[in-house]
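Worksheet: one structure, shown below.
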There are 2 protein chains.
Amino acid sequence: MSDIQARIDNMRIKMKERGCRITPQRLAILAILAESKGHPSVEGIYERVKANFPTTSIATVYKTVSVLKELGEVLELEFSHDHNRYDGARPYPHPHLICTKCGKILDPAWSRFEDMTERLASDTGFKITTHRLEFFGVCPECQNGE
Amino acid sequence: MSDIQARIDNMRIKMKERGCRITPQRLAILAILAESKGHPSVEGIYERVKANFPTTSIATVYKTVSVLKELGEVLELEFSHDHNRYDGARPYPHPHLICTKCGKILDPAWSRFEDMTERLASDTGFKITTHRLEFFGVCPECQNGE
DNA sequence: TTATTTTTTGATAATTATTCTCCATAACGA
DNA sequence: TCGTTATGGAGAATAATTATCAAAAAATAA
């Protein structure tokens with residue numbers, strides 16, 4: 001079974017356990033999020049769902065993403081000046097590399113920051129639950145004016 | 001001269017150079033941002049400015065903060081589900097420690113991530129311009145139910 | 001100083017992403 | 001299959017932020 005299929009199944013099970021019904025629209029949303037190389041926005045997910053389910057409302061996408069967020073099955077990247085973006089393939093905190101020109105978001109293949117987090121916790125008394133690390137810059141394509 | 005006064009003067013000079021006029025309201029905003037231990041929101045700045053200038057509009061605060069952001073004299077912490085928060089004392093990217101219960105934001109005394117950034121740039125071809133690193137957790141006060 | 005020009009202020013309207021409302025419909029356990 | 005109950009969809013509501021614009025204040029010129 002592919003990683004993507006495994007992610008879809010995992011999300012499905014988590015939603016079921018919570019008492020959610022798996023509708024075709026939701027399944028489509030899960031699939032898009034699990035594939036999500038591009039870290040889509042709700043708007044972007046909505047556009048892709050509509051290809052198969054033309055009557056879908058954007059509210060449905062918001063509601064499904066919200067449940068997944070609550071379940072820890074999707075990572076939300078917050079942008080107060082733009083649509084939030086979502087990572088359903090790797091829902092745990094990890095670094096992101098964001099092109100400030102085209103909005104592309106990449107996942108550099110790096111490990112987490114356990115030791116850093118631990119030291120910070122013992123220094124400050126905080127119980128650290130999560131973190132967010134994002135690098136911003138201009139991608140090679142945008143540097144070449146493509 | 002105190003660090004805070006130096007920050008105020010620096011912001012003032014940068015705004016002057018850009019052709020901005022330093023009004024009493026703006027000076028009050030600069031002072032609040034330079035002191036900003038608590039990483040205030042626009043709303044919070046507005047409340048404090050109103051103590052001295054009761055007729056101030058929140059739009060004035062938004063506009064001033066926007067100019068400072070453009071000049072790189074204030075760091076914006078983005079929260080898509082809440083007011084953004086601002087750091088005028090240390091306007092360069094640095095880690096933040098955020099209590100998810102009370103909203104307190106601390107600056108742990110850590111250095112930047114130059115080496116990390118450099119490696120990432122050479123790995124991906126991105127021209128890295130800035131980064132964002134935020135740790136979330138529950139502060140000691142909130143753990144004790146205060 | 002006074003007149004003139006330009007920017008800023010402040011009140012409010014507009015915008016935009018997101019959330020809510022509500023009922024017909026669909027999912028799913030019995 | 002049936003009955004219960006969550007969901008879907010359309011549009012209204014919300015909330016943070018931004019835009020508008022006339023009046024006031026600051027800079028500049030005379």
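Per chain, numbering begins at 1; letters A, B, ... match sequence-line order. The analysis underlying the following values was restricted to heavy atoms, covering all of them including side chains, and did not include hydrogens, waters or symmetry mates.
Taking OG1 of B:Thr56 as the start and CG of B:Asn52 as the end, the distance is 8.5 Å to the nearest 0.5 Å. Once rounded to the nearest 0.5 Å, the distance linking OG1 of B:Thr117 with CZ of A:Phe136 reads 12.5 Å.
In this structure, A:Glu17 places its CD atom 17 Å from C1' of C:dG29, rounding to the nearest Å. Atom OH of B:Tyr46 is separated from atom C1' of D:dA15 by 16 Å (rounded to the nearest Å). Across the protein-nucleic acid pair, A:Ile29 atom CD1 and D:dT7 atom P stand 12 Å apart, rounded to whole Å. Between the P atom of C:dA17 and the CD1 atom of A:Ile45 lies a distance of 15 Å, rounded to the nearest Å. For the pair A:Tyr86 OH and C:dA17 P, the computed distance is 12 Å after rounding to whole Å. Rounding to whole angstrom units, NZ of residue A:Lys69 and C1' of C:dA17 are separated by 12 Å. The distance between atom CZ of A:Arg18 and atom C1' of C:dA27, rounded to the nearest whole Å, is 16 Å. Regarding A:Asp82, its CG atom lies at a distance of 14 Å from the P atom of D:dT17, rounded to whole Å.
Note on B:Ile45 and B:Leu75: separate hydrophobic clusters, where clusters join Ile, Leu, Val, Met, Phe, Trp and Tyr whose side-chain heavy atoms are under 4.5 Å apart, directly or indirectly.
Checking the phosphate oxygens (OP1, OP2) of C:dG10, a side-chain nitrogen or oxygen of B:Gln25 falls inside 4.0 Å. Here A:Arg26 does not reach the OP1 or OP2 of D:dA6: none of its side-chain N or O atoms lies under 4.0 Å away. Between A:Asn84 and C:dA17 there is no side-chain polar atom (N or O) within less than 4.0 angstrom of OP1 or OP2. Between D:dG8 and A:Ser57, no contact under 4.0 Å exists linking OP1 or OP2 to a side-chain N or O. Taking 4.0 angstrom as the limit, A:His83 places a side-chain polar atom (N or O) nearer than this to OP1 or OP2 of C:dT18. Contact between the side-chain N/O atoms of A:Arg21 and the OP1/OP2 oxygens of D:dT5 is not found at any separation under 4.0 Å. Within the 4.0 Å cut-off from OP1 or OP2 of D:dA25, not a single side-chain nitrogen or oxygen of B:Thr23 is found. For D:dT18, the OP1/OP2 oxygens have no side-chain nitrogen or oxygen of B:Tyr62 closer than 4.0 Å.
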Show me, pair by pair, the donor-acceptor contacts under 3.5 angstrom made by side chains of residues 65-73 of chain A, not counting sequence neighbours?
residue: A:Lys69; atom: NZ; partner: A:Glu76; partner atom: OE2; Å: 3.1
residue: A:Glu70; atom: OE1; partner: A:Arg18; partner atom: NH2; Å: 3.2
residue: A:Glu70; atom: OE2; partner: A:Arg18; partner atom: NE; Å: 2.9
residue: A:Glu70; atom: OE2; partner: A:Arg18; partner atom: NH2; Å: 3.2
residue: A:Glu73; atom: OE1; partner: A:Arg7; partner atom: NH1; Å: 2.9
residue: A:Glu73; atom: OE1; partner: A:Arg7; partner atom: NH2; Å: 3.2
residue: A:Glu73; atom: OE1; partner: A:Asn10; partner atom: ND2; Å: 3.2
residue: A:Glu73; atom: OE2; partner: A:Lys14; partner atom: NZ; Å: 2.9

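Contacts of A:Glu43 with the nucleic acid, taken as non-hydrogen atoms under 4.0 Å apart, are absent. Counting non-hydrogen atoms under 4.0 angstrom, B:Thr56 reaches the backbone sugars and phosphates but no base. When heavy atoms are screened at a 4.0 angstrom cut-off, A:Ile58 is found touching no nucleic acid atom at all. At the heavy-atom level, A:Pro24 lies under 4.0 Å from the strands shown only through sugar-phosphate atoms.
The only option from A:Ile8, A:Leu30, A:Ile4 that meets the side-chain contact (heavy atoms from CB on, under 4.5 Å) definition with A:Glu35 turns out to be A:Ile4.
Along DNA chain C, the nucleotide nearest to B:His81 and the one nearest to B:Phe53 differ in position, and the one closer to the 5' end is contacted by B:Phe53. Between B:Lys16 and B:Ala59, the one whose closest nucleotide on DNA chain D sits nearer the 5' end is B:Ala59. Between B:Ile22 and B:Lys63, the one whose closest nucleotide on DNA chain D sits nearer the 5' end is B:Lys63.
Atom CD of A:Glu118 is surrounded by 12 or fewer heavy atoms from other residues, nucleotides or ligands within 6.0 Å.
Looking at B:Glu43 and B:Arg85, no side-chain N of the basic residue comes within less than 4.0 Å of a carboxylate O on the acidic one, giving no salt bridge. The existence of a salt bridge linking A:Glu141 and A:Lys101 is excluded, since no basic side-chain nitrogen approaches an acidic carboxylate oxygen closer than 4.0 Å.
Residues from residues 71-79 of chain B placing a heavy atom under 4.0 Å of any atom in DNA chain D do not occur.
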